Participant: 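Attaching a single structure in structure tokens format; questions to follow.
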Amino acid sequence: MIVAEAVGRLLAAAGVDTAFGVVGSGNFHLTNALVRHGARFVAARHEGGAATMADAYTRMSGRVAVLSVHQGPGLTNAMTGIAEAAKSRTPLLVLAADVTEPHSNFHLDQAALARAVGAVPMRLTRAQDALEALRVAREDRRTVVLSLPLDLQSSPAPDWPALEPLVTQAHTATLPPGPHTPPQGTGTPPVPDRSSRRPDMLSPEAEAGVAELGAGSPGVAGADALGGRGAREAGPGVGVLARLLGEARRPVFVAGRGARHARLELEDLADLTGALLATSAVAKGLFRGSPWDLDVSGGFSTPLTAELIGGADLVVAWGCALNMWTTRHGSLISPGTRVAQVDLEHPVAARHVPVDLPVTGEVAQVATAVRELLAPPEGLPAGYRSAELAGRIAAEGRWRAVPYEDETGGGRIDPRTLTAALDDILPAERVIAPDSGNFMGYPSMWMDVPDERGFCFTQAFQSIGLGLATAVGAALALPDRLPVAALGDGGALMGVSELETVARLGLPMVIVVYDDEAYGAEVHHFTGQPHGTVTFPPTDLAAMARALGLAAVTVTEPADLRAVSDWLDGPRDRAILVHAKITRERPSWWLEEAFKGH
């Protein structure tokens, strides 16, 4: 057995069940070994697509996927997808063949390349090093680029009986903790009597030793990590957070990707303190079904959500980076609002919003510890909640409820009308994968999702062209849901090679292309300038899809979507591409926000 065979067998035995990639000579034996020992290999048409598929698969499945690439250009082709995964802290293991001869045309400094985009570089010196790389990816939640020298790959490895015990000692490819199944909230909650709320909800135990919060206080900033300890042993930051929640009259929770497993704990704490519930874009759907769900905080916020977050006296970010998207460059959170942030680590100071209280710890554990420190209130919880507000959230809490003037006409469909109609037509059990671009807010804002696994948003790097591959990875991770890829024409054509992958795999997917025949973000941002470099002649995307064996329809008005209904009623034995010619006069405010960070 050679080392390449041993690496594949070790990883498969450790639980790696799915690998993505493009096979060349440098990763041929390794990839075949993975397959031979039980892993599924998904062959993409471009390494960039393979990297994003692996990223999306890991996000949606809770299992570390593998990306297998050839030396040199195989790795460089994958780098945009790897950068997205690394910036999103996706636990991903990249197996990159490597040459050691400096004069080889394939030679490059792979470690420097990985490090440059925020990935963790590692190098194989023996077969079992692959298990350590898997451990780092899983436990540290990092994207790891493991370089596998060609000469080492072909060298003899220990016999399997000598390696097999190492697997039992290694951690598997499953990511803890697993996501909870979100409960379905129904009806309007009881209305609390706000006048009966106690100003101090801390238990007597919590009162002792809890320091007063001072904005920017060195003592607060140095709060102890919670780790796995209970409330009685929690660090001072947990006690201060409990005090802040006890004092708050208008608290809002904003949950990010690091909180996607902690719905039950966060809702329990929010019910006690009267907090409203919002998410970052990547955690969209986490609180779906709750009558206090405000949906997404930031550039995708509804006017009501922006109003309520702006009016909060305490915002608690749970596993959420508070980046420019989530805070609208800080403008969403009002001056004087106290901000607490709960996360596994706090590597850098918040750029857009000053954080008064950082609490280091796992979200569910911190929420539980804070809950234990809060004595049961007299009467029902108050906080931000009221009968009037519950009614407003029900009536105004989704973009579908915000009035607009339909601009459909002249052979083009209003993207809001298009998206709202698709939201009605498509089944509720769906996973939406939007690409980036001027159009991206429409599927993200006008289309609903059932829970936190209904939205796969690979946009930490803000690259266009990742949406289709994202949908493929999500589709393979969640085969019981309808995948919906939402693309602009620029991103669709950038990732068009993966249409063949969709067809070859027979994925029953809806691919919606919002076609304005331009890079719309640049058209609307650079007003008054020549746009010849960012506008294009019409392209028959539906014909391209049919040529690859997909169903397709061109849509210029709502009635054209009957073809989608017919496809849904049929066998769904192939994907359907919806080529929507959208109106193009309207700029997007969400990308105007993004341009401020350029």
Side-chain angles (χ1 to χ4, degrees), residues 1-44 47 50-51 53-54 63-78 82 91-111 113-114 119-138 143-173:
M1 181 168 61
I2 62 173
V3 168
E5 165 77 19
V7 168
R9 188 169 183 179
L10 282 168
L11 291 174
V16 171
D17 61 7
T18 305
F20 299 81
V22 177
V23 172
S25 60
N27 61 332
F28 182 84
H29 295 299
L30 169 63
T31 307
N32 279 346
L34 278 165
V35 173
R36 187 159 48 249
H37 295 288
R40 169 178 54 175
F41 178 69
V42 180
E47 289 90 351
M53 292 174 196
R63 301 184 65 80
V64 179
V66 157
L67 170 64
S68 176
V69 295
H70 183 65
Q71 63 270 22
L75 179 60
T76 57
N77 280 347
I82 292 172
L92 180 64
L93 178 56
V94 182
L95 302 176
D98 190 19
V99 297
T100 55
E101 173 54 57
H103 298 293
S104 169
N105 60 318
F106 289 128
H107 183 266
L108 52 84
D109 189 341
Q110 295 191 169
L113 189 62
V120 176
M122 299 181 71
R123 190 169 188 82
L124 195 82
T125 60
R126 54 182 182 166
Q128 50 264 49
D129 291 344
L131 295 176
E132 174 62 12
L134 178 62
R135 184 199 66 78
V136 171
R138 177 187 178 274
T143 296
V144 175
V145 176
L146 179 63
S147 293
L148 295 92
L150 293 179
D151 53 354
L152 178 62
Q153 283 195 57
S154 60
S155 66
D159 293 335
W160 181 245
L163 294 174
E164 188 173 15
L166 300 174
V167 176
T168 61
Q169 301 167 18
H171 293 284
T172 69

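Keep in mind that this is a model prediction, so the values were computed, not measured.
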Participant: Checking Val16 against Val64 for the side-chain contact (heavy atoms from CB on, under 4.5 Å) test, could you report, in this order, the C-alpha distance in whole Å, the side-chain angles of both residues, the deciding distance, and whether it holds?
Facilitator: CA-CA 7 Å; Val16 171; Val64 179; 5.8 Å; no

Participant: Does Arg126 offer a backbone N or O that forms a donor-acceptor pair with the side chain of Asp129 under 3.5 Å?
Facilitator: yes

Participant: Quick one: does any side-chain atom of Glu101 pair with a main-chain N or O of His107 as donor and acceptor, under 3.5 Å?
Facilitator: no

Participant: For the residue pair Arg123 and Pro149, establish whether any side-chain heavy-atom pair is separated by less than 4.5 Å.
Facilitator: yes

Participant: Pair Thr143, Ile82 - check side-chain contact (heavy atoms from CB on, under 4.5 Å), show working.
Facilitator: CA-CA 7 Å; Thr143 296; Ile82 292 172; 4.1 Å; yes

Participant: Working to the nearest 0.5 angstrom, can you tell me the gap between His29 NE2 and Ser154 OG?
Facilitator: 8.5 Å

Participant: Verify the neighbour count for atom NE2 of His70: are there more than 12 heavy atoms of other residues, nucleotides or ligands below 6.0 Å?
Facilitator: yes

Participant: Between CZ of Arg138 and CG of Leu92, what distance do you get to the nearest 0.5 Å?
Facilitator: 15.0 Å

Participant: Pairs in or reaching into residues 12-40: which pass salt bridge (charged side-chain N to carboxylate O under 4.0 Å, His left out), with residues at least two apart or in two chains?
Facilitator: Glu5-Arg36, Asp17-Arg63

Participant: Measuring from atom CG of Leu75 to atom CG of Asp98, what distance do you get when rounded to the nearest 0.5 angstrom?
Facilitator: 8.5 Å

Participant: Given side-chain contact (heavy atoms from CB on, under 4.5 Å), test Val94 with Val144 step by step and report yes or no.
Facilitator: CA-CA 6 Å; Val94 182; Val144 175; over 6 Å; no

Participant: From Leu93 CG over to Met122 CE, what is the distance, rounded to the nearest 0.5 angstrom?
Facilitator: 9.0 Å

Participant: Taking all heavy atoms of Ala157 and all of Ala6, pick out the closest pair and write down the distance.
Facilitator: CB-CB, 3.8 Å

Participant: Could you pull out the closest heavy-atom pair between Gly26 and Ala97, with the gap in Å?
Facilitator: O-CB, 3.3 Å

Participant: Calculate, to the nearest 0.5 Å, the distance between atoms CG and CG belonging to Leu113 and Asp109 respectively.
Facilitator: 8.0 Å

Participant: For Ala119 and Val145, which heavy atoms make the closest approach, and how far apart are they?
Facilitator: CB-CG2, 4.0 Å

Participant: Under the side-chain contact (heavy atoms from CB on, under 4.5 Å) criterion, do Val69 and Val22 qualify, and how do the steps go?
Facilitator: CA-CA 6 Å; Val69 295; Val22 177; over 6 Å; no

Participant: Please check if atom CZ in Phe28 has more than 12 non-hydrogen atoms from other residues, nucleotides or ligands closer than 6.0 Å.
Facilitator: no

Participant: Determine the minimum heavy-atom distance between Gly8 and Leu34, stating which atoms define it.
Facilitator: O-CD2, 3.5 Å

Participant: To the nearest 0.5 Å, what is the distance between OG1 (Thr76) and CD (Gln110)?
Facilitator: 9.5 Å

Participant: Looking at every non-hydrogen atom in both residues, tell me the closest pair between Ala14 and Leu131 and how far apart they are.
Facilitator: CB-CD2, 3.8 Å

Participant: Which residue is it: Asn27, Val99, Thr100? I am looking for the one with a side-chain contact (heavy atoms from CB on, under 4.5 Å) to Leu150.
Facilitator: Val99

Participant: What I'd like to find out is whether the side chain of Gln71 reaches to under 4.5 Å of the side chain of Ser147, using heavy atoms alone.
Facilitator: no

Participant: Compare every heavy atom of Ala133 with every heavy atom of Leu146, then report the nearest pair and how far apart it is.
Facilitator: CD2-CB, 4.1 Å

